[in-house]
Asker: 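To start, I am sharing the structure in question, which I have written as structure tokens.
Each ligand, and each atom within it, is numbered from 1 in the order the structure gives. Values in this document were obtained by computation on a predicted structure and should not be read as measured data. Quick note: residue numbers are just sequence positions, from 1.
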Amino acid sequence: MATETQHAINTMLLEERRYPPSDDFARQANAKADIYDRDWQELWETEGRERVTWFEPFSTVCEWEPPYAKWYVGGKLNVCFNCVDRHVDAGLGDKVAYHWEGEPEGDRRDLTYADLQREVTRFANVLKEVGVRKGTPVAIYMGMVPELPIAMLACTRLGAPHTVIFGGFSADSLSGRMNDMECEVLITQDEAWRRGTTVALKRTADEAMDAAPGVKRCLVVRRTGNDAPMREGRDAWYHDLAANASDDPQTCPCEPMDAEDLLFLMYTSGTTAKPKGIVHTTAGYLVGTSSTHRYIFDIKPESIYWCAADIGWITGHSYIVYGPLCNATTSVLYEGTPDFPDKDRWWSIIERYKVDILYTAPTAIRSHMKWGPEYAQKHDLSSLRLLGSVGEPINPEAWIWYREHIGGDRTPIVDTWWQTETGMILITPLPGVTTTKPGSATKPFPGVLAAVYDEQGQDVGPGGGGYLVLKRPWPAMLRGIYKDDERYRSTYWSKYDDVYFAGDGARIDEDGDFWLLGRVDDVMNVSGHRISTIEVESALVDHHDVAEAAVCSRKDATTGEAIVAYVTLKGGNEGSVEKLDELRNHVGKKIGPIAKPANIVFTPELPKTRSGKIMRRLLRDVAENRTLGDTTTLADPTVVDEIKERATSEKTED
Ligand code: WTA
């Protein structure tokens, strides 16, 4: 870590390029410089009134009893009403909510706000039919089809909390989450399209439901039209039930919810094998996501906004579904991968819909860099006005490439730092105000108080590096870890008193700009997705041939970090190429393809300290091919040489 941080700081000090906002952009921007002068309580009170329509007004903006906050106390509202119904009431029924583009070419569907209201009502009526009521936990396991946001909104209409599980997750991941939340209903689809082939979601869902007996009903949306196994009494095709369900909003009014009622859980990796159910509630989440969306992306009534993430992650929840719909935005929703049928798919979408705001992740930008700028050059991207980045630190080369080749050397870039736990963007430029620097997320959003602490809890001050902390609550902050108060306290609130510990390293420069330096715990960031080392280790050890496993990450030009596993087989067995494939597939099955190690090194022994702790730092050094750090705490120092030798001879890549 020490050498890594040093290196990161050195590189960044050399980064002297500056990009002030153009006068034209600044003049028309939603956020002006004076927004930073506002008192945080006043700001959030005003935003609370302006972004959201209340059934009953709130009485207190924020109640803070560390480590739990309540926002907009006493307020009653409904998220679906705010995202859909009130826009139709206001005469925006004909405005497009989503331009949906399926992966198979020509597969398109525009949904207006009036369409969305009808579809959501129909879906909610079907949910009622299968027993969903206010408070019934619902799991959603789908690809990027219009029915995914429709299903989420239908849940919120009824006041049923949801958990969306990314369609790339395995049956085990799905059942684990459904059991933790005690889900009674699962919504899925027959199959999903992915790079021209199909992924059998319903089949995986069946396997998951075998291990999650609390799930009593399963709704299956038809997407590819291929056969899917259906179990009598439990499973139903959505279209069968929808045929008899009313789409008249009067038949299914929006349930008034308390400001602090559970809206959804989003599971995320931590440093133990069990994913954490991050709790997000109703009002603060909606105000936080809609305000940040409006100011940071400079959303205008005529904007065509595209967040190219998956709804199965927090970015999709906050910035494809809830924030944008609350602001009555027109969004693009794309089902497939960026390289299908060819590597210019994204750029053709931007050209077709005249997208003016694009929000994506550094890992995607690096893929496009690798493919070359000629794919973007084939299309007219002049509609773009603003670019965004999220998920991991963006390296300055990628930032510059993004601006030059996608943004025509004209558009501001907002590098936005936040987490599943924060619910909303917290550190970011404001595009009409901030002078940006490639690689820096710049400043805390207005009202947000962030700092960088040293080990003792002192502000490091300009030029210093340390741990990123948040010193004041914010509306969309997590309200806990589901059913695990102790883990909530120990993960986020125990390192420093009453201050939120984000688990990221950071540095503040002389101008007060923040530079994020990556995770400081054992959580890896692969293509912007958080995966814990321990989860992958557990999946490996779960294989009957594996005695022990240690996992770390190495840098990777495309995915940011790539997973490297060191595995000791039982009975002193040697590894083989077949075994390697078997283990990778095993991890894919246990967690999901995204967690498959890029490299597996078979080794007779793992490097451990005398207390038996695996020395990940050392493994990382080996994985990065660096000169080894201090090995004197090792129980058996010769192990390292052996591992090193094997690491070079057995490297495999996907
Ligand atoms: C990392 C995604 C640097 C960080 C919204 C954080 C970033 C983790 C940035 C959260 C950024 C996210 N610059 N690092 N702009 N954005 N991260 O929960 O390590 O999937 O803690 O939320 O991603 O990942 P999560």
Asker: Establish, for the pair Arg177 and Tyr141, whether the NZ or CZ atom is under 6.0 angstrom from the six-membered ring centre and no further than 45 degrees off its axis.
Answerer: no
Asker: Quick one: are the ring centres of Tyr285 and His317 less than 6.0 Å apart?
Answerer: no
Asker: Would you say Thr416 and ligand 1 have an N/O pair spaced under 3.5 Å apart?
Answerer: yes
Asker: Is there a nitrogen or oxygen of Glu421 sitting under 3.5 Å from a nitrogen or oxygen of ligand 1?
Answerer: no
Asker: So is there a nitrogen or oxygen of Thr315 less than 3.5 Å from a nitrogen or oxygen in ligand 1?
Answerer: no
Asker: Can you sort out which atoms of ligand 1 are near Thr420, meaning under 4.0 Å from one of its heavy atoms?
Answerer: 18 (O), 20 (O), 22 (O), 25 (P)
Asker: Can a donor-acceptor pair be found between the side chains of Asn327 and Ser290 at a distance below 3.5 Å?
Answerer: no
Asker: Please identify which of these residues, Tyr68, Trp474, Tyr467, meets the ring-ring contact (aromatic ring centres under 6.0 Å, His included) condition with Tyr500.
Answerer: Trp474
Asker: How long is the gap from OG1 on Thr442 to CG on Asp513, to the nearest 0.5 Å?
Answerer: 5.5 Å
Asker: Taking only heavy atoms of Ile314 into account, list the atoms of ligand 1 that are under 4.0 Å away from them.
Answerer: 5 (C), 22 (O)
Asker: Just need the protein heavy atom nearest to atom 3 (C) of ligand 1, so name the residue and atom and give the distance.
Answerer: Pro393 N, 3.1 Å
Asker: Any side-chain to backbone donor/acceptor pair from Asn30 onto Tyr295? Under 3.5 Å, distance only.
Answerer: no
Asker: Strictly by modelled atom types, are Tyr359 and Thr416 linked by a side-chain donor-acceptor pair under 3.5 Å?
Answerer: yes
Asker: Indicate whether the side chain of Asp339 and that of Thr337 have a donor and an acceptor atom separated by less than 3.5 Å.
Answerer: yes
Asker: With only distance considered, is Gly391 within less than 3.5 Å of ligand 1 through an N or O on each side?
Answerer: yes
Asker: If you measure from each non-hydrogen atom of Glu392 to ligand 1, which part falls under 4.0 Å: side chain, backbone, both or neither?
Answerer: backbone
Asker: Short list, please: which atoms of ligand 1 are under 4.0 Å from a heavy atom of Val390?
Answerer: 5 (C)
Asker: Of all the atoms in ligand 1, which lie at a distance below 4.0 Å from a heavy atom belonging to Asn525?
Answerer: 1 (C), 23 (O)
Asker: Can you pull out the closest protein heavy atom to atom 19 (O) of ligand 1? Residue, atom name and distance to 0.1 Å, please.
Answerer: Asp504 OD1, 2.9 Å
Asker: Compute whether any side-chain donor of one residue and acceptor of the other, for Tyr319 and Thr292, lie under 3.5 angstrom apart.
Answerer: yes
Asker: Looking only at protein heavy atoms, which one is nearest to atom 8 (C) of ligand 1, and what is the separation?
Answerer: Arg530 CD, 3.9 Å
Asker: Using a 3.5 Å cut-off on N or O atoms only, is Asp415 in polar contact with ligand 1?
Answerer: yes
Asker: Among Trp418, Trp417, Trp313, Trp515, which one has a heavy atom closest to atom 2 (C) of ligand 1?
Answerer: Trp418
Asker: Regarding Thr491 and Lys276, do their side chains bring together a donor and an acceptor under 3.5 Å, going by distance alone?
Answerer: no
Asker: Applying a heavy-atom cut-off of 4.0 Å, say which part of Ala441 lies close to ligand 1: side chain, backbone, both or neither.
Answerer: neither
